[in-house]
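Just follow the structure's listing: the first ligand is 1, and inside any ligand the first atom is 1.
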Amino acid sequence: MSDKIRIAIHGAAGRMGQRLIALGSVDPALQIVAALEHAGSSVLGKDAGEHAGIGKLGVPFTAELKEHVDAVIDFSTPEGAMHIVKFCAERRIPLVEATTGLSTDQREEILEAAQETAIVQSPSMSLAVNVAMKLVGEAARALKNVPSGVDVEVVERHHRFKEDAPSGTALKFGQIVADEMGQTEQRHGRHGQTGQRPRQEIGYHALRTGDNVGEHQIVFGLMGETLEVYVRGHTRDSYAYGALAAAKFVATKSAGMYTMADVLGL
Ligand SMILES: NC(=O)C1=CN([C@@H]2O[C@H](COP(=O)(O)OP(=O)(O)OC[C@H]3O[C@@H](n4cnc5c(N)ncnc54)[C@H](OP(=O)(O)O)[C@@H]3O)[C@@H](O)[C@H]2O)C=CC1
Ligand SMILES: O=C(O)C1=N[C@H](C(=O)O)C[C@H](O)C1
């Protein structure tokens with residue numbers, strides 16, 4: 001019996017799924033044993049390695065997980081995510097949950113599932129983004145009492161295929177700021193006779209252009225100067241490597257909710 005960590009990828013035919021198949025299959029600590037897709041997918045039965053452009057892997061796309069696995073990684077859709085969260089919670093299978101665009105209720109359900117199994121959840125598995133989250137928290141803490149006020153806006157850029165806006169990462173950056181500075185409102189874009197900017201809001205601006213794999217710019221605007229934290233992905237592999245590290249981390253953990261800061265030791 002191999003001592004490799006056995007993983008399944010959910011949403012395995014997608015943009016992220018393909019990179020996880022490609023990178024996971026050459027990681028000596030891991031074995032990809034299942035490539036999961038939804039029951040209506042046109043790829044069912046096809047080889048996941050061939051679909052990912054790495055040649056035959058011997059792992060066909062399936063709609064149901066039958067194999068024993070040590071962890072599942074989910075990059076799919078909110079509906080897909082809720083399906084696999086329930087599945088993993090019922091069977092106590094550790095889960096890496098990366099899908100964004102989740103509703104408040106769905107996030108609540110994931111928290112409840114973490115009472116049954118170990119879950120690493122983050123809107124970004126990237127090392128640079130998670131370090132940027134620390135920096136943004138630090139900046140918000142340092143600036144929260146500036147007497148003339150600080151305006152915070154989050155600008156994010158992603159590819160034209162992205163289905164949710166603003167990105168889960170942008171919302172997380174905003175949450176980190178609000179937890180420190182106390183803003184109570186979200187403003188999504190501006191148009192027309194908006195009036196002066198209220199203090200208590202965080203502005204979000206979502207650009208969708210070309211094949212951009214993800215950029216986030218957190219702007220702290222003061223009177224007389226501006227501080228910006230900017231983090232830019234060059235390739236989806238930055239998210240995929242983080243998710244594979246999270247799978248190794250979560251595979252041996254007991255039930256609970258974990259973050260990428262836990263995985264990365266930040
Ligand atoms: N946390 C992070 O670091 C990152 C998170 N993401 C998030 O991951 C998610 C996926 O992104 P991306 O790979 O670009 O998207 P894609 O649309 O390329 O991939 C999603 C895949 O999931 C499949 N799918 C759809 N519904 C279900 C279902 N019910 N069950 C199982 N699979 C399903 C899709 O199939 P079909 O095409 O047939 O619908 C597709 O193959 C998004 O929410 C994105 O925001 C992305 C990058 C990084
Ligand atoms: O859809 C994407 O591509 C990405 N989605 C995540 C998000 O919504 O924050 C993470 C990353 O920026 C790429």
Side-chain angles (χ1 to χ4, degrees), residues 8-23 34-44 46 48 51-52 61-65 72-88 95-103 106-107 110 119-130 132-133 154-176 204 206-218 230-247 258-261 263-264:
I9 312 295
H10 191 243
R15 285 175 287 273
M16 282 304 305
Q18 291 179 51
R19 294 313 301 152
L20 287 157
I21 296 285
L23 298 175
L36 302 169
E37 269 294 331
H38 59 95
S41 172
S42 58
V43 300
L44 295 183
K46 295 184 179 158
H51 183 79
F61 288 108
T62 55
E64 274 179 64
L65 179 57
V72 174
I73 301 176
D74 175 58
F75 282 83
S76 60
T77 60
E79 187 192 345
M82 298 326 293
H83 167 77
I84 200 69
V85 162
K86 190 164 181 283
F87 182 93
C88 288
L95 173 66
V96 177
E97 185 46 70
T99 298
T100 61
L102 302 165
S103 67
Q106 288 170 331
R107 284 200 300 275
I110 297 174
I119 300 179
V120 173
Q121 184 181 18
S122 176
S124 180
M125 302 288 160
S126 133
L127 171 61
V129 168
N130 281 279
M133 286 176 182
V154 183
V155 185
E156 57 100 331
R157 298 163 187 245
H158 283 87
H159 50 96
R160 66 167 70 136
F161 310 102
K162 186 162 175 61
E163 299 201 359
D164 55 314
S167 68
T169 307
L171 291 169
K172 179 74 179 171
F173 275 121
Q175 189 59 55
I176 291 168
Y204 295 88
L207 281 66
R208 294 288 174 266
T209 60
D211 60 355
N212 194 322
V213 302
E215 296 179 46
H216 292 87
Q217 179 182 19
I218 300 83
Y230 206 125
V231 57
R232 180 184 290 125
H234 304 165
T235 146
R236 289 193 170 83
D237 291 5
S238 55
Y239 311 121
Y241 280 123
L244 294 172
Y258 302 89
T259 66
M260 280 307 285
V263 174
L264 298 167

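- Taking every heavy atom of H158 and a limit of under 4.0 angstrom, the matching atoms of ligand 2 come to 2 (C), 3 (O), 4 (C), 11 (C), 12 (O), 13 (C).
- Ligand 2 places these atoms under 4.0 Å from at least one heavy atom of K162: 1 (O), 2 (C), 4 (C), 5 (N), 6 (C), 7 (C), 8 (O).
- The one candidate from V72, I73, T99, L65 that meets the side-chain contact (heavy atoms from CB on, under 4.5 Å) condition with I84 is V72.
- Among the atoms of S124, none of the N or O lies under 3.5 angstrom from an N or O of ligand 2.
- Close approach of ligand 2 to T169 is summarised as follows: ligand atoms under 4.0 Å from at least one heavy atom of the residue are 7 (C), 9 (O), 10 (C).
- Aromatic ring pairs are classed by plane angle as parallel below 30°, tilted from 30° to 60° and perpendicular above 60°; the pair H216 and F173 is tilted.
- Contact check for Q217 versus E215: no side-chain heavy atoms found under the 4.5 Å cut-off.
- Taking both residues in full, the closest heavy atoms of A12 and I21 are given as O-CG1, 4.1 Å, listed atom of the first, atom of the second, then distance.
- Considering all non-hydrogen atoms of both residues, S124 and M260 come closest at O-CG, 3.8 Å.
- Under the 4.0 angstrom criterion for non-hydrogen atoms, F161 is not in contact with ligand 2.
- Two rings, from H38 and H10, have their centers 6.0 Å or more apart.
- With a 4.0 Å heavy-atom cut-off, ligand 2 is reached by no atom of M16.
- Distances between N or O atoms of H216 and those of ligand 2 include no value under 3.5 Å.
- Applying the 4.0 Å criterion to heavy atoms of G168 picks out, from ligand 2, the atoms 7 (C), 8 (O), 9 (O).
- In plain terms, the two heavy atoms of F75 and M125 that are nearest each other are CZ-CG, 4.1 Å.
- Of all heavy-atom pairs spanning P166 and L171, the tightest one is CG-CD2, 3.7 Å.
- Only the side chain of T100 comes within 4.0 Å of ligand 2, judged by heavy-atom distances.
- The environment of OH in Y241 is sparse: at most 12 heavy-atom neighbours from other residues, nucleotides or ligands sit within 6.0 Å.
- The CZ atom of R236 sits 7.5 Å away from the CG atom of D211 when rounded to the nearest 0.5 Å.
- By the 3.5 Å distance cut-off applied to N or O atoms, V213 is not counted among the residues near ligand 2.
- With a 4.5 Å cut-off on side-chain heavy atoms, V154 and T169 do not count as touching.
- Nearest heavy atoms, V120 versus A246: CG1-CB, 4.0 Å.
- Residue H159 places at least one N or O, backbone or side chain, under 3.5 Å from an N or O of ligand 2.
- Close approach of ligand 2 to P123 (heavy-atom distance below 4.0 Å) involves ligand atoms 6 (C), 7 (C), 9 (O), 10 (C).
- Within 4.0 Å of ligand 1, protein heavy atoms belong to H10, G11, A13, G14, R15, M16, E37, H38, F75, S76, T77, G80, A98, T99, T100, S122, P123, S124, M125, K162, D164, Y239, listed by chain and number.
- For ligand 2, the atoms closer than 4.0 angstrom to any heavy atom of S167 are 7 (C), 8 (O), 9 (O).
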